[in-house]
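Heavy-atom basis, side chains included; hydrogens, waters and symmetry copies ignored. Order of appearance sets the numbers: ligands from 1, and atoms from 1 within every ligand. If you read the sequence from its start, that first residue is 1, and numbering goes on from there.
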Amino acid sequence: ASLAAARYGKDNVRVYKVHRDEKTQTQTVTEMTVCCLLEGDIETSYTEADNKPVVATDTVKNTIYILAKQNPVDPPELYGAILAAHFPTKYSHIHAAHVNIIVHRWTRINIDGKPHPHSFLRDGDETRNVEVTFRRNEGFTITSKIGGLLVLKSTGSAFHGFHRDEYTTLKETWDRILSTEVDAQWTWKRYQSIAQVKADATTFDKTFEAARNTTLKIFAEDNSASVQATMYKMCEKILAEAPGVEAVEYALPNKHYFEIDLSWHKGLKNTGKDAEVYAPQSGPNGLIKCRVVRK
Ligand SMILES: O=c1[nH]c(=O)c2nn[nH]c2[nH]1
């Protein structure tokens, strides 16, 4: 047997950082969960129980905290790049690092119409995520993500004209509920240095907001012929808005809501145009994926 691939490190490292602005007496918070895995000349720690090359996962955890203290944690793309580059820079036998960051929502609370200086609420399980791989002599591959954004539209979605044969029972519909959980990501052109990543810091934030707004706008306004058709429009718009992005990917579950025929009860009409009460399904669910690149 031989070792085909190996990477190790610390996962589920929860980090909270506060920024205190003395001038405005306003505080800003960031909470994230970090995974950092290392690759390099570590084979003998697997094949020969040789621990000399092992930078302990506890050391990786400590480094996550120290670099969060010494550097900005926003945008997560920049902190992720700083963290990923640290290990191959410090340890010559580590050649690459893979960083995944999940940024949780702490939205500033408005009290009496005014943003509160140090109070926040968790408005949803939606997260902003980042994946950074740094490989020595190859630079940074950065992917930015929206995760867990639950959206539903009660009409404005259809699905008809699909292939029919002896296996098909699905009825065509011109008016259905569309409910999904947005898993969207966009991969940036390769960066060669932290300086280049830092120079784009505001672009990462602006592109995240633009991609989220584009997703919501097209989801709401597109008279959807299918999940496929609607998600493609989202990808096209994000590519058009973000010249630094090379590819956009979406994975959208189609979370079905079934009509309930209640006609057995005194002829109660609750199907087709009379449908009002539905049964939301936990599964099975459709899953529609795509990756869109520039021509
Ligand atoms: O939007 C949809 N795409 C599909 O591929 C599909 N299949 N069943 N329902 C569906 N809805």
Without hydrogens or angle criteria, can the side chains of T207 and E241 be said to hold a donor-acceptor pair below 3.5 Å?
no
I'd like to check which ligand 1 atoms, numbered from 1 as shown, lie under 4.0 Å from a non-hydrogen atom of Q228.
1 (O), 2 (C), 3 (N), 4 (C), 5 (O)
Under the 6.0 Å and 45° cation-pi test, does K153 pair with F219?
yes
Around atom 10 (C) of ligand 1, find the nearest protein heavy atom and jot down its residue, atom name and distance.
F159 CE2, 3.4 Å
Is the charged tip of R128 near the ring of F208: under 6.0 Å from the six-membered ring centre and within 45° of its axis?
yes
What do you reckon, are the aromatic ring centroids of W188 and F204 less than 6.0 Å apart?
yes
Should V227 be counted as touching ligand 1, given the test is an N or O pair under 3.5 Å?
yes
Could you tell me if any non-hydrogen atom of R176 lies under 4.0 Å from any atom of ligand 1?
yes
Minimal non-hydrogen separation, I177 against S154, with atom names:
CG1-O, 4.1 Å
Ligand 1 atoms in contact with S226 (distance to a heavy atom under 4.0 Å):
1 (O)
Within the 3.5 Å criterion, strictly below it, is a donor on D123 or T107 matched to an acceptor on the partner's side chain?
yes
Taking only non-hydrogen atoms of L170 and a 4.0 Å limit, the atoms of ligand 1 in range are 8 (N), 9 (N)
Examine N254 against ligand 1 and note whether any of their N/O atoms are separated by less than 3.5 Å.
yes
